[in-house]
Amino acid sequence: MTATTQPAAGASLAPVLVVLSAGNFVIGMGAFVIIGVLGPLADDLSLSSGRAGWLITSYAVSYAIFSPLLVSATGRVGRRRVMAGALAVFAVANAACALAPSELPLHLSRIVAAAGAGCFTPVTSAVAARLAPPERRAQALAAVLFGITLAQVAGVPAGSWIAYTFGWRAAVWIVAALSVPAAVAIWVIVPAGLSFTPVSPRDLGRVLGSARTMLAVMFTTTFLGAIFVVYSYLGPLLEAQMGYGRNGISAVLVVYGVGAVAGNLAGGWVADRIGPMATLLMLTGIQALTMPLFALLPLADAALVALVVFWSLVGWSFGAAQQVRLISLAPDSASVVLALNAAAIYVGAAVGSAIGGGVLDAFGPAALGVTGGIGALVALGHLALSRRMSGR
């Protein structure tokens with residue numbers, strides 16, 4: 001991933017990272033706000049919680065399909081244009097979501113939103129990885145992803161509270177509105193003419209044909225798939241097992257977000273010190289031990305808070321380490337491999353939410369934690385196999 005055009009002389013990396021992170025905040029809120037509004041949305045459209053959860057799945061599948069295709073197709077376009085355009089598409093699609101009269105138009109609008117998001121986030125990671133010095137690469141990637149984790153602290157809980165108070169459409173309108181200044185900020189702050197060695201669909205095909213690279217990429221799917229078995233249905237789980245309503249669910253989502261922010265920052269720091277593979281092995285093992293504890297609900301409020309914070313911290317420490325590992329495996333195709341990794345995130349969300357919905361409907365909320373723990377054990381085996389194939 002060699003830069004063909006550098007930022008203007010004297011340009012600081014910090015403002016660029018801030019606006020990229022802000023854009024990812026909007027993307028994160030738009031992607032995951034459905035989790036916090038699932039109850040009101042299901043009631044409004046007369047859907048079961050499991051069926052409403054398919055809105056997470058359709059978004060995730062669409063992201064997984066469109067992200068690598070769009071990133072490779074726009075490889076010759078300046079990065080600023082791609083990112084600002086992607087946020088504009090995201091804004092329009094979320095406005096359409098807020099206006100959707102029924103389930104099908106809502107799914108279609110979410111698919112378009114996923115295309116915009118899938119073209120935005122991988123490019124932000126590629127820009128951060130290229131502009132940061134090697135010894136600070138994991139921390140720069142963590143800074144860009146900070147916006148997505150911040151969405152867990154502020155965006156998703158706020159959206160949940162708004163949805164339970166004013167309706168789910170109001171929460172989605174806020175996502176559409178925030179996308180506009182985020183796109184403007186990208187256009188104003190990111191240096192013009194910033195581009196990398198062009199990538200093409202042929203580069204995508206080459207990466208897809210590498211078994212060791214794709215096995216490493218798909219670890220993202222198994223790791224996050226296990227988490228999303230529980231996370232996708234955290235609202236219904238807390239309603240059923242803890243008796244929580246609007247305020248309780250919103251508060252737990254805030255707590256989850258605090259853990260996510262801490263994990264994002266800690267993950268970059270740890271990966272720069274002990275290496276990405278050691279970090280990933282440690283985090284996956286802890287997840288396998290942590291998620292079955294949700295089968296113990298109801299718990300005391302303080303115990304639930306401690307569990308959610310720890311679970312979130314460990315899960316969100318994952319991103320920087322995984323991206324650094326992938327870049328080391330395919331340094332000449334970093335833009336493509338990061339797009340595939342972003343796609344794998346949403347494949348994980350799709351698989352996890354689909355499995356979680358089936359478990360919820362068939363066995364009830366108490367089974368979600370155990371299922372997530374089993375998924376984490378699968379992820380641990382996946383990582384061990386990937387390490388053996390790649391040698392790192």
Side-chain angles (χ1 to χ4, degrees), residues 32 34-36 38-39 42 48-50 52-53 56 149 152-153 156-157 160-161 164 222-264 266-267 280-318 348-349 351-383:
F32 301 122
I34 294 296
I35 292 170
L38 208 59
S48 69
S49 293
I56 302 169
T149 58
Q152 306 296 323
V153 175
V156 174
S160 177
W161 190 90
Y164 277 92
T222 51
F223 182 88
L224 291 180
I227 291 174
F228 270 84
V229 168
V230 179
Y231 183 52
S232 297
Y233 300 96
L234 191 57
L237 175 64
L238 295 175
E239 282 188 90
Q241 302 298 93
M242 297 292 296
Y244 286 177
R246 178 194 69 184
N247 293 343
I249 292 170
S250 298
V252 171
L253 288 171
V254 170
V255 167
Y256 183 92
V258 170
V261 168
N264 179 71
L280 295 174
L281 286 168
M282 176 182 68
L283 297 177
T284 310
I286 294 173
Q287 282 291 320
L289 296 174
T290 301
M291 279 191 288
L293 298 178
F294 282 96
L296 301 179
L297 297 183
L299 298 171
D301 291 339
L304 175 66
V305 166
L307 173 59
V308 169
V309 167
F310 183 71
W311 172 51
S312 175
L313 187 152
V314 173
W316 282 89
S317 295
F318 152 87
V351 171
S353 62
I355 292 173
V359 169
L360 181 65
D361 288 342
F363 304 106
L368 292 171
V370 173
T371 306
I374 293 170
L377 289 176
V378 172
L380 193 60
H382 184 159
L383 183 59

All pairs passing side chain to side chain donor-acceptor pair (under 3.5 Å) where [range] contributes a residue, at least two apart:
{"range": "residues 295-306", "value": "Tyr244-Asp301"}
{"range": "residues 361-380", "value": "none"}
{"range": "residues 351-360", "value": "Thr57-Ser353"}

Requested in this report: Could you grab the distance from atom CG of Leu304 to atom CD of Gln241, nearest 0.5 Å is fine?
Outcome: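 The CG atom of Leu304 sits 11.0 Å away from the CD atom of Gln241.
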Which heavy atom of [X] sits nearest a heavy atom of [Y], and at what distance?
{"X": "Ala295", "Y": "Val370", "value": "CB-CG2, 3.9 Å"}
{"X": "Leu234", "Y": "Leu253", "value": "CD2-CD2, 4.2 Å"}
{"X": "Leu307", "Y": "Leu299", "value": "CD2-CD1, 4.2 Å"}
{"X": "Ser48", "Y": "Ala42", "value": "O-CB, 4.2 Å"}

Query - Side chain Ser312, main chain Val308, donor-acceptor under 3.5 Å - result: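 Side chain of Ser312 to backbone of Val308, a donor-acceptor pair under 3.5 Å: no, none is there.
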Should [X] and [Y] count as side-chain neighbours, where that means a heavy-atom distance under 4.5 Å?
{"X": "Val351", "Y": "Phe228", "result": "no"}
{"X": "Phe318", "Y": "Leu224", "result": "yes"}
{"X": "Leu237", "Y": "Leu297", "result": "yes"}

Requested in this report: Could I get the full list of side-chain hydrogen bond (donor to acceptor under 3.5 Å, both in side chains) partners for Thr222, not counting sequence neighbours?
Outcome: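 Listed in chain order: His382.
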Report task. Scan for ring pair (Phe, Tyr, Trp, His ring centres under 6.0 Å) pairs involving residues 351-376, sequence neighbours excluded, and state none if there are none. Result ->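 Sorted result for residues 351-376: empty, none.
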Requested in this report: Test side-chain contact (heavy atoms from CB on, under 4.5 Å) on Trp161 and Ile249 and set out the steps.
Outcome: CA-CA 9 Å; Trp161 190 90; Ile249 292 170; over 6 Å; no
Query raised in the report: By ring pair (Phe, Tyr, Trp, His ring centres under 6.0 Å), which residues pair with Phe294, not counting sequence neighbours?
Result: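 Ring pair (Phe, Tyr, Trp, His ring centres under 6.0 Å) list for Phe294, sorted by chain: Trp311.
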Report task. Show your working on side-chain contact (heavy atoms from CB on, under 4.5 Å) between Leu383 and Leu281 and close with a plain yes or no. Result -> CA-CA 7 Å; Leu383 183 59; Leu281 286 168; 3.5 Å; yes
